[in-house]
Amino acid sequence: MKRSIQALWLCLVMTGPCAFAHHSFAMYDAAQLLTVTGTVKTFQWTNPHVILWLVNGPDASGASDLWTLELPTSPGVLTRLGWSKHSLEPGDRVVVEFNPLRNGAHGGSFKKATLVDSGKVLQVSIPPPSAKADSDAKADSK
Amino acid sequence: MAAAYLLPGAIDASDTADTADTASVINPAPRAKDWAALAKLPDWSGTWSPAPDDRAFPLGKKEPKWLPDIARQVEQMKADDKAGKPQPVFVNCLPEGMPSFTLMTLNAQEYLFTPGRVTILGEFDGNRLRRIYTDGRKHPDDPDLTFNGHSIGHWEGGTLVVDTVGLLPEVYLPLGQSVAVPNNGDMHIEERIHLVGPDRLLDELVITAPRVLAEPWKISRAFVRSRERKFDIIEASCRQGDFFENKDKYGNVIFSPVEHEEGGAPFASKP
């Protein structure tokens, strides 16, 4: 990717990937959190994983890169978390944080997107256990 | 079989019960009382997602006691994953099978009760499903081997007791997305599925796999219920994400393959 990518921080404690199907996310380097400002080409709303296709650039020389940023889950689960296929639209300018592929190919594991125009932040966050689930869990332990 | 001994949800197959395990048996048309009996079963309607406090894969949660040779394989897979070279366990889009259907899904499931059968519909990687026969039949003597096996069940109060055999030897005993061992044959799974709270369902499994496990693996997974429509299960094809929308030379909209690295992750290009 271009020079606009910056290594932000080094994770000393790697959290487990919340991948939903098909493959481990261990091929992404969770110790590197990179950020890039780019333009959405396609927000691919497909099972088992949604994919953000992002154009990075053009830079001063006019060059640009196309990247896939894989979300760790599916349209069904994302819908339940409040996303939709319109959460990101082609042409949206976004700042994306991601873990890059270890092999250097133009792919990454999506972590967070911030829309440049609106400031809206999109993340895949699994909700903590609800109070209701907690009470049910207590019933479970009886 | 006398109707008085019927379990809830079982078809009163008294006309054919004596031949219940013969090849010529039919599935009798359910009668009004068979449908009415379903009302006595516990309410498992709604959509069930892995409980937020029980989303973790078996890896690090409750691992089985492997045979020594298998244990060495498992440790190698864990090391490979930690080194960023995960084994591509579930990347071929074949059904995950049991027990992964229960232990590995992070998507929603739903239960359908019909006379003589419980059907579990999943969203995990392609709308997988299980059929659990509650009509009193036995397992076939020589079942065709399948990914989810042949399941028979009965109700003990509010608990669905399920027995599953006939699983393909290639079907995994999973610890995680990249750590899993084929059962290698003769796997047997017993389950007790029951409510443990108003909106919490627990599936307790005892898995016997003598070719890889040193002792039966006892593990459970909890699911929580949602009734909001946004939780409705959707069509979830296994491989659609392996393709992107493209156009052919005529302008027709077609699927074109996304490139993937060896572990199964997509990428746009190599620099």
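Residue numbering restarts at 1 for every chain, and letters A, B, ... go by the order of the sequence lines.
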Pairwise side-chain contact, B:Glu245 with A:Thr42, heavy-atom cut-off 4.5 Å (strictly under): no
Side chain proximity check, A:Val77 to B:Asn107, heavy atoms < 4.5 angstrom: yes
Could you pull out the closest heavy-atom pair between A:Leu101 and B:Ala265, with the gap in Å? CD2-CB, 3.9 Å
Please classify the contact between A:Leu66 and chain B as side chain, backbone, both or neither, with a heavy-atom cut-off of under 4.5 Å. both
Decide whether A:Asn47 and B:Ser237 meet the rule of one side-chain donor and one side-chain acceptor closer than 3.5 Å. no
Engaged part of B:Ala108 at the chain A interface, taking heavy atoms whose separation is under 4.5 Å: both
Measuring heavy-atom distances to chain A, does B:Asp54 have an atom under 4.5 Å in its side chain, in its backbone, in both, or in neither? neither
Side chains of B:Lys85 and A:Met27 in contact at under 4.5 Å (non-hydrogen atoms): no
Crowding at CZ, B:Arg131 (>12 non-hydrogen neighbours, <6.0 Å): no
Smallest separation among heavy atoms of B:Pro266 and A:Glu70, with atom names: CD-OE1, 3.2 Å
Taking B:Glu261 for the side chain and A:Arg102 for the main chain, is one N or O donor matched with an acceptor at less than 3.5 Å? no
Might you point out which heavy atoms bring A:Gln44 and B:Phe244 nearest each other, and give the distance in Å? OE1-CB, 3.6 Å
What are the two closest heavy atoms between A:Thr68 and B:Phe267, and how far apart are they? OG1-CA, 3.1 Å
Is the number of heavy atoms from other residues, nucleotides or ligands under 6.0 Å of B:Arg229 CZ greater than 12? no
Testing the basics here: between B:Gly241 and A:Pro48, what is the closest heavy-atom pair and its distance to 0.1 Å? N-CD, 4.3 Å
Can you tell me if B:Lys61 has over 12 outside heavy atoms packed within less than 6.0 Å of its NZ? yes
Of all heavy-atom pairs between A:Arg80 and B:Asp232, which one has the smallest distance, and what is that distance? NH2-O, 3.1 Å
Do A:Trp53 and B:Val258 have side chains that approach each other closer than 4.5 Å (heavy atoms only, starting at C-beta)? yes
Using non-hydrogen atoms only, which part of B:Val179 is less than 4.5 Å away from chain A: side chain, backbone, both, or neither? neither
Within this structure, what is the OG-CD1 distance for the pair A:Ser74 and B:Ile234, rounded to the nearest 0.5 Å? 6.0 Å
